[in-house]
Amino acid sequence: FSPWTRDTKVTIYLTKTSTKYQEISKRPAWSGGATNLKDKIIYLYKSDEWFGILAHELTHIYFDSFFGSYDKSPLWLSEGMAVYIQVERGKSNPQWLSENLDALRDGSGYKLSDLIMIKTLDDADEKSVKLWYAQSFSLVYLLLKIHKD
């Protein structure tokens with residue numbers, strides 16, 4: 001699946017606090033984990049959800065590496081797949097997921113054409129990011145369900 005896996009190990013930095021995590025990873029406050037795909041490094045901090053977030057970030061390393069680099073796979077697909085693995089295999093439902101799935105059921109969310117055009121979340125606020133993640137997850141979930149059936 002990923003030829004580099006035979007020779008390269010993944011390095012995981014697990015910090016005690018979110019503040020230290022943000023300092024090291026340079027990620028915004030809404031982020032629970034981050035991946036440096038080029039160097040195969042995962043950054044996260046100790047929390048109730050850290051194991052699920054680790055599954056999420058490992059998905060980025062293996063899934064995105066399949067495409068050759070982090071910017072080759074669509075962001076919605078990468079994040080949707082990572083949340084899917086976090087929930088289904090990491091057995092960890094992020095606290096924000098159910099409320100955002102409820103918001104999607106109630107008609108909130110992005111037009112599909114807008115959802116798939118997003119290339120970065122760097123300037124987005126936490127509420128928008130979590131809704132976008134939930135919608136990306138729901139789209140991946142639907143695609144996998146259709147494929148399975």
Side-chain angles (χ1 to χ4, degrees), residues 1-2 10 12-15 17-149:
F1 185 72
S2 296
V10 174
I12 301 169
Y13 290 100
L14 177 62
T15 66
T17 66
S18 61
T19 305
K20 189 65 172 174
Y21 157 77
Q22 289 171 16
E23 178 186 320
I24 292 170
S25 69
K26 310 292 188 239
R27 301 299 302 149
W30 55 258
S31 174
T35 299
N36 174 328
L37 187 63
K38 180 179 171 261
D39 297 325
K40 312 296 184 275
I41 299 171
I42 294 175
Y43 304 93
L44 52 127
Y45 63 92
K46 191 103 166 116
S47 71
D48 293 340
E49 298 181 357
W50 80 268
F51 186 77
I53 294 170
L54 178 59
H56 178 114
E57 299 304 332
L58 282 168
T59 300
H60 286 308
I61 293 217
Y62 292 105
F63 184 78
D64 293 348
S65 292
F66 179 77
F67 293 96
S69 70
Y70 72 93
D71 60 350
K72 300 292 187 211
S73 63
L75 187 59
W76 71 268
L77 182 58
S78 175
E79 293 298 351
M81 184 62 75
V83 174
Y84 179 84
I85 295 298
Q86 180 177 357
V87 170
E88 297 296 320
R89 299 294 179 244
K91 304 296 183 198
S92 174
N93 280 347
Q95 295 172 352
W96 51 264
L97 184 58
S98 62
E99 85 177 49
N100 282 283
L101 290 175
D102 289 343
L104 291 172
R105 283 186 203 95
D106 292 340
S108 292
Y110 301 92
K111 292 188 331 189
L112 186 58
S113 58
D114 293 336
L115 179 93
I116 64 174
M117 293 304 293
I118 293 175
K119 303 281 187 228
T120 180
L121 301 171
D122 290 341
D123 297 327
D125 62 90
E126 182 174 5
K127 184 177 179 182
S128 299
V129 166
K130 289 179 177 176
L131 182 63
W132 184 86
Y133 269 66
Q135 193 168 352
S136 297
F137 162 77
S138 68
L139 186 53
V140 166
Y141 187 89
L142 173 68
L143 293 171
L144 289 170
K145 184 170 175 48
I146 288 170
H147 177 72
K148 185 179 177 182
D149 295 340

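Of the possible donor and acceptor atoms, one in the side chain of S138 sits under 3.5 Å from a partner among the backbone N and O of Q135. Judged by distance alone, with hydrogens and angles left aside, the side-chain atoms of Y21 form a donor-acceptor pair with the main-chain N or O of G33 at under 3.5 Å. In this structure a side-chain-to-backbone donor-acceptor pair under 3.5 Å is missing from Q86 to P94. Looking at Y45, its side chain never comes within 3.5 Å of a backbone N or O of Q22 through a donor-acceptor pair.
Atom CD1 in I42 sits 12.5 Å away from atom OG in S25 (nearest 0.5 Å). The distance from atom CG of L101 to atom CH2 of W96, rounded to the nearest 0.5 Å, is 8.0 Å. We find the OG-CD distance between S31 and E126 to be 10.0 Å, quoted to the nearest 0.5 Å. The CD atom of E88 sits 8.0 Å away from the CD1 atom of I85 when rounded to the nearest 0.5 Å. Taken from CG in D102 to CG in D106, the straight-line distance is 6.5 Å, to the nearest 0.5 Å. Interatomic distance, Y84 OH to M81 CE, rounded to the nearest 0.5 Å: 8.0 Å.
Residues H60 and E79 have side chains in contact (heavy-atom distance under 4.5 Å, counting atoms from C-beta outward). W30 is listed as a side-chain neighbour of L121, based on a closest heavy-atom distance under 4.5 Å. In this structure, S78 and T59 have side chains that are not in contact, with every pair of non-hydrogen atoms separated by 4.5 Å or more. Looking only at side-chain heavy atoms (C-beta outward), L112 and L139 come within less than 4.5 Å of each other.
Scanning all heavy atoms of the two residues, the minimum distance from D64 to S73 falls at OD1-OG, 3.1 Å. Residues N100 and K127 share a closest heavy-atom pair of OD1-O, 4.4 Å.
Judged as a side-chain contact (heavy atoms from CB on, under 4.5 Å), and not counting sequence neighbours, the contacts of S136 are W76, L115, W132.
In summary, the side chains of T35 and E57 do present a donor paired with an acceptor at a separation below 3.5 Å, with no hydrogens or angles considered.
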**Report entry** Verdict with reasoning, Y110 to L131, per side-chain contact (heavy atoms from CB on, under 4.5 Å)
**Finding:** CA-CA 9 Å; Y110 301 92; L131 182 63; 4.1 Å; yes
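Enclosure of atom CG in D125 by more than 12 non-hydrogen atoms of other residues, nucleotides or ligands within 6.0 angstrom is indicated.
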